[in-house]
Amino acid sequence: MSNVLPLLLVLSLAQAPSLTSSSPRERREAIESKAFLANRDAVPALVEAYRNEPLKDIRSSIIVALGTIRDRSAIPGLAGALQRDYEKDVRLQAIDSLLRLYIPIADDEGFWSFFSRVRGLFSEDPRPLVGVNEYVDQTAREALVVALERDFDPEVRMESAHALGSLRSVDQLPALTEALEGPRNLQATDVRVAIIRAMGVIGSQQA
């Protein structure tokens, strides 16, 4: 009996889905198994898996998992995805997950329901706001500003502006003003409207 238990343990570990599996289905299962609140220990492995993942949908599910865990050690990984992923939906999901680090929203329908509606609740009006006394890390704010200034897709720029408003990023008002008046958004009416709304939400006389 004493020899059977270690063998069963080894077999169970061998059968557990892996983030590095050659099977996309198993990689998805591994992501889902790690996507629960406060599972901080899973963040480094998920960030590394994102960097090595060729499939857009699985990269997006990793970003969702990081938002579900809601640990701020994920900020550099989420910022990197926002600034460098070549798929628009992944970048939009990174914005959503950054917001979830600061604005807790219950998702009663489960992980894959959350995944299926990219950036869902944060795109609905009125948009959720960070608590008045909640500290928002500078790295997160700056990642959103970079996306607002440089992303080639107007929807990503628009959602970045909305996110800066939701996070009450008063220190980024100069960047919002520059983006509003700059040539990149001259023809992007929705982006300019989002910037103006963000300024209103921030509610500072500097605006």
Side-chain angles (χ1 to χ4, degrees), residues 35-44 46-47 50 60 62-85 88-107 114 117-151 153 155-180 182 185 191-207:
F36 57 88
L37 183 64
N39 187 22
R40 178 187 177 91
D41 291 344
V43 170
L46 286 167
V47 171
Y50 164 82
S60 191
I62 292 170
I63 299 303
V64 169
L66 293 172
T68 303
I69 292 170
R70 294 179 186 165
D71 189 272
R72 296 183 188 181
S73 64
I75 291 173
L78 293 172
L82 174 57
Q83 293 171 12
R84 291 186 290 275
D85 201 286
K88 178 184 79 170
D89 281 350
V90 179
R91 300 198 304 278
L92 288 169
Q93 189 62 64
I95 295 171
D96 179 283
S97 289
L98 279 170
L99 287 171
R100 286 176 186 270
L101 300 183
Y102 302 98
I103 309 174
I105 291 184
D107 187 67
F114 175 11
R117 48 179 209 279
V118 174
R119 69 206 174 274
L121 295 174
F122 286 102
S123 296
E124 298 174 2
D125 291 319
R127 294 178 184 242
L129 298 176
V130 72
V132 174
N133 297 318
E134 183 75 25
Y135 172 75
V136 178
D137 298 77
Q138 184 176 359
T139 302
R141 300 193 306 268
E142 290 179 350
L144 292 165
V145 167
V146 169
L148 173 63
E149 293 174 341
R150 301 180 186 175
D151 201 282
D153 189 281
E155 186 178 0
V156 176
R157 300 200 302 276
M158 179 181 71
E159 292 301 327
S160 297
H162 280 308
L164 287 166
S166 290
L167 296 177
R168 305 181 193 266
S169 302
V170 64
D171 63 314
Q172 301 301 335
L173 280 171
L176 286 163
T177 302
E178 185 175 348
L180 177 65
N185 295 315
V191 179
R192 297 204 311 279
V193 170
I195 293 170
I196 292 168
R197 291 181 66 184
M199 289 176 163
V201 168
I202 290 170
S204 169
Q205 291 185 357
Q206 297 176 42

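All residue numbers refer to positions in the sequence shown, counting from 1.
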Indicate yes or no: at least one non-hydrogen side-chain atom of [X] is less than 4.5 angstrom from one of [Y].
| X | Y | value |
| --- | --- | --- |
| Ile63 | Leu78 | yes |
| Leu173 | Ser204 | yes |
| Ser166 | Val201 | no |
| Leu82 | Val156 | yes |
| Val193 | Met158 | no |
| Ile69 | Leu46 | yes |

Give, for atom [atom1] of [X] and atom [atom2] of [Y], the distance between the pair rounded to the nearest 0.5 Å.
| X | Y | atom1 | atom2 | answer |
| --- | --- | --- | --- | --- |
| Leu37 | Asp71 | CG | CG | 9.5 Å |
| Ser160 | Leu148 | OG | CG | 6.0 Å |
| Ser97 | Ile75 | OG | CD1 | 12.0 Å |
| Arg197 | Ile202 | CZ | CD1 | 13.0 Å |
| Asp96 | Leu98 | CG | CG | 9.0 Å |

**Request:** Could you walk me through whether Arg127 and Glu159 pass the salt bridge (charged side-chain N to carboxylate O under 4.0 Å, His left out) test, one step at a time?
**Result:** CA-CA 11 Å; Arg127 294 178 184 242; Glu159 292 301 327; 3.0 Å; yes

Might you point out which heavy atoms bring [X] and [Y] nearest each other, and give the distance in Å?
| X | Y | result |
| --- | --- | --- |
| Ile195 | Leu176 | CG2-O, 3.4 Å |
| His162 | Ala194 | NE2-CB, 3.5 Å |
| Ala35 | Ala65 | CB-CB, 3.7 Å |

**Message:** Keeping Asn185 on the side-chain end and Ala179 on the backbone end, is there a donor-acceptor pair under 3.5 Å?
**Reply:** yes

**Sole residue of Asp85, Asp153, Asp151 in salt bridge (Lys or Arg N to Asp or Glu O under 4.0 Å) with Arg91** = Asp151

**Where at least one partner belongs to residues 137-146, residue pairs that pass side chain to side chain donor-acceptor pair (under 3.5 Å), sequence neighbours excluded** = Tyr102-Asp137, Gln138-Glu142, Arg141-Asp171

**Prompt:** Any chance CD of Glu134 has more than 12 other-residue heavy atoms, nucleotides or ligands included, within less than 6.0 Å?
**Reply:** yes

**Steps toward side chain to side chain contact (heavy atoms under 4.5 Å, CB included) verdict (Leu66, Arg100)** = CA-CA 9 Å; Leu66 293 172; Arg100 286 176 186 270; over 6 Å; no

